[in-house]
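Worksheet: one structure, shown below.
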Amino acid sequence: MIKQSHSTYAVICLVAFSQGVINLSELAISYLLKEDYGMNPTEMTYIQGIISIPWVIKPIWGLCTDLLPICSYRRKSYLFIFGLMGFVLFYALSIYGTKDAVAGVSILLSIQICIAFCNVVAEALLVEISTGNDSSTNNVSLFFGFKAFGTLMTSYLSGYSLKYLQKQQIFRITSIFPLIIAGASLFLNEGQHKDTDIKKQLQELHRFLNIKAIYKPIVFIFCFMLQPSTSTAMFYFQTVYLHYTAEFLGKIKFLFALANITAVSIFNRYLKNYSFKSVFFVTTLTYSVVNALQILQVTRRNVELGIKDEVFSLCDTLLMQLVAELNMLPILVLACKICPSKIEGTMYALLMSTINLGQLVARQIGGILMYFMNINEASFENLWIMITMTSVYILILLPFLSTIKEKEMIESKDVYNKKDLDEQDIIGKGYERLSLSFVDS
């Protein structure tokens with residue numbers, strides 16, 4: 001059991017680290033959409049929404065890993081297959097993706113399917129080793145810490161490499177890391193499993209989601225994630241209006257990753273023993289204020305105050321992402337705590353897809369707002385209004401924070417697991433009595 005735990009931790013950390021390193025190509029992809037395909041902010045937002053769909057339907061991938069073993073393995077087979085596919089697809093992107101927009105977007109969508117599937121498997125393993133103990137906070141911090149460290153390792157290089165390398169070369173380098181995930185799967189010490197009744201498992205998932213203490217927080221989290229996204233608008237503002245180079249954007253991404261690691265460390269050391277509501281409430285208030293600071297830059301007030309754009313962007317990125325990650329970590333830990341046994345992969349994937357769906361819709365809302373507010377590569381006059389809307393929106397939801405009752409959620413999971421065990425015990429005793437009757441006869 002100890003060996004299995006050690007090998008599981010090793011694979012989880014390696015998968016998380018590799019997924020972070022894959023961000024090496026993120027900036028190259030943004031420039032691919034902007035320059036090679038000639039997309040405006042609204043078009044880029046729409047395409048990014050399509051590409052992110054695999055993260056919204058994560059429960060489907062979770063059901064596959066929970067219920068449909070390949071070669072009797074629920075985790076390692078999927079990691080190997082989709083890690084290998086990710087390698088092939090990134091290499092294909094370097095050959096065909098820069099020549100044709102349709103082919104490029106199709107390949108990018110397929111890549112995200114592979115990354116999302118590997119992510120679901122790793123998260124399922126994370127929940128499995130956290131079940132029945134109090135290590136949820138530490139395990140979540142470990143997973144996202146390694147992922148942030150991987151991003152940190154390559155974030156600056158993502159911008160620096162665009163100065164000296166072609167996008168095709170960056171995609172080929174990135175293809176190595178999904179291959180590492182495939183290789184890591186071979187070291188996973190996993191027991192063999194049989195196919196499970198899909199209909200029965202879906203009924204179990206439905207039964208768990210019907211619990212009042214469970215579905216209300218899920219609805220709240222989804223609504224909270226609907227904060228209109230300004231990320232695409234800010235990317236165009238920085239590259240078109242402020243004339244930031246790819247190298248400088250790499251520095252911004254470096255601070256972005258550094259903020260994530262710092263947030264994980266602060267949360268794990270100082271905040272993990274505080275209640276969900278208290279941490280979430282304070283960080284939400286703080287994020288609303290910090291997010292609004294972007295208004296100073298888009299209205300050029302920072303220049304009037306004598307703060308250079310580069311300095312403002314670096315400091316604002318570090319502060320905003322630090323608070324944003326501290327705001328998100330309590331949700332991730334709570335999601336890990338409430339996943340019931342047997343459907344842990346599906347349930348955690350469902351909770352994560354709720355977040356991803358909210359972000360997807362938020363990105364599309366952002367695109368619609370940019371269109372109607374005439375925010376494009378030639379006009380950023382109304383961008384400050386959009387930023388104000390995002391800061392105000394999350395404050396409106398705070399009164400509904402009372403719908404999340406952490407203790408009741410965990411108790412509901414425990415009751416669900418106990419009922420499941422009692423049913424298994426009854427079935428087991430029934431088989432035992434049946435066997436004895438045959439012996440007696």
I need the minimum non-hydrogen distance between [X] and [Y], along with the two atoms involved.
X	Y	result
Gly97	Ile107	N-CD1, 4.4 Å
Val290	Met320	CG1-CA, 3.4 Å
Asn260	Ala148	CB-CB, 3.7 Å
Leu318	Ala259	O-CB, 3.5 Å
Ser25	Ile170	CA-CG2, 4.1 Å
Ala292	Ser391	N-OG, 3.4 Å

Between [X] and [Y], does any side-chain donor sit less than 3.5 Å from a side-chain acceptor?
X	Y	answer
Asn119	Gln19	yes
Asn327	Thr284	yes
Thr45	Thr42	no
Asn291	Thr390	yes

Set of side chain to side chain contact (heavy atoms under 4.5 Å, CB included) partners for [X], sequence neighbours left out:
X	value
Pro217	Ile404, Met409
Ile368	Phe372
Met85	Ile81, Phe82, Cys114
Ile47	Leu33, Met39, Ile50, Ile51, Val105

How many angstroms lie between atom CE of Met386 and atom CD1 of Ile365, to the nearest 0.5 angstrom? 9.5 Å
Hey, what do you get for CG (Leu249) to OG1 (Thr317), rounding to the nearest 0.5 Å? 9.5 Å
Say whether, by atom type as modelled, one donor and one acceptor occur between the side chain of [X] and the main chain of [Y] under 3.5 angstrom.
X	Y	value
Ser185	Ala182	yes
Glu325	Leu322	no
Asn210	Arg207	no
Lys405	Ser402	yes
Ser278	Tyr274	no

Would you check, one step at a time, whether the test side-chain hydrogen bond (donor to acceptor under 3.5 Å, both in side chains) holds for Ser94 with Gln169? CA-CA 7 Å; Ser94 70; Gln169 293 172 305; over 6 Å; no
Would you mind listing every salt bridge (Lys or Arg N to Asp or Glu O under 4.0 Å) that reaches into residues 250-273, with sequence neighbours excluded? Glu26-Lys253
May I have all residue pairs that pass salt bridge (Lys or Arg N to Asp or Glu O under 4.0 Å) and include part of residues 112-122, sequence neighbours excluded? none
Which residue pairs satisfy the side chain to side chain donor-acceptor pair (under 3.5 Å) criterion with at least one member in residues 352-369, sequence neighbours excluded? Ser52-Arg363
Ion pair check, Asp36 and Lys99, cut-off under 4.0 Å: no
Residues that [X] engages under ring pair (Phe, Tyr, Trp, His ring centres under 6.0 Å), provided they are two or more places apart:
X	result
Phe224	Phe280
Tyr244	Phe248
Tyr164	Tyr160
Tyr46	none

Please determine if Arg172 forms a cation-pi arrangement with Tyr91, meaning its NZ or CZ atom is less than 6.0 Å from the six-membered ring centre and no more than 45° off the ring axis. yes
Once side chain to side chain donor-acceptor pair (under 3.5 Å) is applied, do any residues pair with Gln112, and if so which ones, sequence neighbours excluded? Trp55
Strictly under 6.0 Å, is that where the ring centroids of Tyr78 and Phe117 end up? yes
